[in-house]
Amino acid sequence: MAQKYEMKQMEQAKPNPFENALEQLRIAAEYLKLDDGIHQMLASPKRQLTVSLPVKMDNGETRVFTGYRVQYNDARGPFKGGIRYHPGVTLDEVKALSAWMTWKTSVANIPYGGAKGGIICDPKHMSMGEQERMTRRYAAAIAPIIGPYKDIPAPDVYTNAQTMAWILDTYSTLEGFMSPAVITGKPISLGGSLGRDKATGRGAVFTTVAAAKVNKVDLKKATFAVQGYGNAGSNYAEILQTYGPKLMGASDSKGSITSKTPIDANKLLAHKEKTGSVVGFPGSQKVSDKELLQSDVDILSPAALENSILPDTAKGIRAKIITECANGPTTPEADKILHKNGVFVVPDILANSGGVIVSYLEWVQNLERISWTEVEVNDMLEKKITSAFHDVHAASQKHGVDMRTGAMIVGVGRVADAVKTLGVFP
Ligand code: NAD
């Protein structure tokens, strides 16, 4: 009983992600000298939908899952944001992620607002049939508020191109015509974009390359580690190693590893696909999550979930550059410590914006009925994200602040301008 109570206390000690998001907004609002009304509007999601999803399980029982769609702000364009399947999903987490999406599309300077969705579930313990029925019921439940010009969902943790195909089919069936632009991250055969699957990792690499240049880190001699070897993390590792840095450690939900000799990122992914984890990769040692994050590397990429870099871990981080592939991996307190210690953090809303940038390119191709080659898509991604990096870097230099505050100044500033110019209805 006492142990259970302690665990509850530990869970509660984890910061509320929406409070983190509001604290980041408060800091940006101060620099931007936003008036109170605009600050309040930017601190409040425009719409929050909670849905109950009855699903027939394979054993014949019916289970009711809870799902959310939070539409944070659409002043700059239709709502945009992924859908997460995870047992730890909460409304506050979805609200935080939808706020970050709003600043992210603004930093990337693409004509979208921000949204996010999620279902409290454990897809690892559900069959494909159960996942499909749950996804279709969720798509039907949120159908009235999504659409190519309203809100365009995409994948996030534990959802993928197949999940997007089920949502597309359900939405289109209800509408009565095929509507590919309602969702991005689709399979190529259904109007998905070449390059979308690797876009988040590739975009994060472009920001790391830019960060290395401004910090005079020689990528040819650099080393790196990745926490969370999933879609974003493994693609980041595979692409970054082609620029020279050597992968020295990685982790997933089953554990963390480091190695004294460089790890081939492609072989590590093959090992994870075969065995279900990065743990046990030949020549590696199993270490704790903290040891991985504090290992002696030049570049560190948290690419799992939020709140993974807490103050205690931050104190011992030795990397010169942190590229946040994950959303919200660093708590505000940990952030202060990293800044004080001179660690250059490429913040989530900039570092992982490659996914939404290529989602935007996918949506444009669907609406225009055109298709671009992978090289064209990657080139447009590089130009957009590198220009976003320099906008943020210029803002951080101008105000004498870290890159996260710089990104918030750029992102929040553009949304605030749009909100102000639209005025208040009625
Ligand atoms: P994913 O499901 O493909 O990968 C997540 C990985 O994290 C898995 O390997 C999982 O085992 C690992 N993980 C889970 N809990 C962990 C823990 N406690 N310690 C270490 N590893 C753990 O998801 P993804 O799409 O790669 O998303 C990862 C992060 O990147 C999320 O924060 C997501 O919001 C963000 N992100 C993803 C995209 C995208 O396009 N995929 C875009 C923007 C942001």
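As the structure lists them, so they are numbered: ligands from 1, and atoms in each ligand from 1.
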Could you list the residues that satisfy salt bridge (Lys or Arg N to Asp or Glu O under 4.0 Å) with R69, not counting sequence neighbours? D151
Parallel, tilted or perpendicular: ring planes of W363 versus Y360, cut at 30 and 60 degrees: tilted
Angle class for the F344/F389 ring planes (parallel below 30°, perpendicular above 60°, tilted otherwise)? tilted
First-shell residues of ligand 1 [heavy atom, distance under 4.0 Å]: R84, D156, V157, Y158, R196, T200, G228, Y229, G230, N231, A232, S251, D252, S253, K272, A303, A304, C325, A326, N327, N352
Salt bridge (Lys or Arg N to Asp or Glu O under 4.0 Å) pairs touching residues 242-256, sequence neighbours excluded, are D252-K272
Applying salt bridge (Lys or Arg N to Asp or Glu O under 4.0 Å) as the test, list every pair that has at least one member in residues 361-383; sequence neighbours left out. K186-E362
Sub-3.5 Å donor-acceptor pair from the side chain of R137 to the main-chain atoms of V55, do we have one? no
